[in-house]
Amino acid sequence: MATNDTAWTLESVQQLTAMARDGIPVPVMSLKLRRPIEAVAAKLSQLGITPVPAADA
(Lines give C-alpha, C1' and ligand atoms only; values in the text may rest on other atoms or scores of the structure.)
Protein backbone atom coordinates (compact mmCIF):
# COMPACT_ATOMS: atom_id res chain seq x y z
CA MET A 1 0.00 0.00 0.00
CA ALA A 2 1.33 3.42 -0.92
CA THR A 3 1.65 5.93 1.87
CA ASN A 4 2.01 9.67 1.76
CA ASP A 5 5.58 10.28 2.94
CA THR A 6 5.41 14.04 2.38
CA ALA A 7 3.24 16.27 4.52
CA TRP A 8 0.58 18.25 2.70
CA THR A 9 1.42 21.94 2.68
CA LEU A 10 -1.22 24.63 2.53
CA GLU A 11 -0.10 25.39 -1.02
CA SER A 12 -0.45 21.72 -2.07
CA VAL A 13 -3.93 21.51 -0.57
CA GLN A 14 -4.93 24.73 -2.34
CA GLN A 15 -3.65 23.34 -5.66
CA LEU A 16 -5.50 20.09 -5.04
CA THR A 17 -8.80 21.79 -4.27
CA ALA A 18 -8.44 24.13 -7.26
CA MET A 19 -7.80 21.19 -9.60
CA ALA A 20 -10.76 19.29 -8.14
CA ARG A 21 -12.96 22.36 -8.66
CA ASP A 22 -11.77 22.54 -12.27
CA GLY A 23 -12.73 18.90 -12.84
CA ILE A 24 -9.21 17.54 -13.29
CA PRO A 25 -9.03 13.74 -12.87
CA VAL A 26 -7.08 12.24 -9.94
CA PRO A 27 -4.31 10.69 -12.11
CA VAL A 28 -3.56 14.13 -13.59
CA MET A 29 -3.61 15.73 -10.12
CA SER A 30 -1.20 13.01 -9.01
CA LEU A 31 1.25 13.86 -11.78
CA LYS A 32 1.03 17.61 -11.21
CA LEU A 33 1.48 17.29 -7.45
CA ARG A 34 4.10 14.52 -7.78
CA ARG A 35 2.25 12.32 -5.31
CA PRO A 36 0.89 8.78 -5.58
CA ILE A 37 -2.67 8.46 -6.87
CA GLU A 38 -3.61 6.80 -3.57
CA ALA A 39 -2.30 9.78 -1.57
CA VAL A 40 -4.21 12.26 -3.72
CA ALA A 41 -7.42 10.22 -3.49
CA ALA A 42 -7.01 9.86 0.28
CA LYS A 43 -6.50 13.61 0.74
CA LEU A 44 -9.55 14.40 -1.40
CA SER A 45 -11.58 11.98 0.70
CA GLN A 46 -10.26 13.54 3.91
CA LEU A 47 -11.31 16.96 2.61
CA GLY A 48 -14.76 15.65 1.65
CA ILE A 49 -14.19 16.28 -2.06
CA THR A 50 -15.54 13.84 -4.63
CA PRO A 51 -13.19 13.74 -7.63
CA VAL A 52 -14.40 13.50 -11.21
CA PRO A 53 -14.02 10.04 -12.76
CA ALA A 54 -10.96 9.61 -14.97
CA ALA A 55 -11.67 9.28 -18.69
CA ASP A 56 -10.78 5.77 -19.87
CA ALA A 57 -10.54 6.69 -23.53
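The closest donor-acceptor contact from the side chain of Ser30 to the backbone of Val26 lies at 3.5 Å or more, if one exists at all.
Under the 4.5 Å side-chain heavy-atom criterion for Ile, Leu, Val, Met, Phe, Trp and Tyr, Val52 and Leu16 are members of distinct hydrophobic clusters. Residue Val28 is grouped with residue Val40 when hydrophobic side chains (ILVMFWY) are merged at heavy-atom distances under 4.5 angstrom, including chains of intermediate members.
Annotation: the span from Leu44 atom CG to Thr50 atom OG1 amounts to 9.0 Å, rounded to 0.5 Å. The line from CD of Gln14 to CH2 of Trp8 is 12.5 Å long, rounded to the nearest 0.5 Å.
Looking only at side-chain heavy atoms (C-beta outward), Met19 and Leu33 come within less than 4.5 Å of each other. In this structure the side chain of Ser12 reaches within 4.5 angstrom of the side chain of Arg35, judged on heavy atoms.
Between Ala20 and Ile49, the shortest heavy-atom contact is CB-CG2, 3.7 Å.
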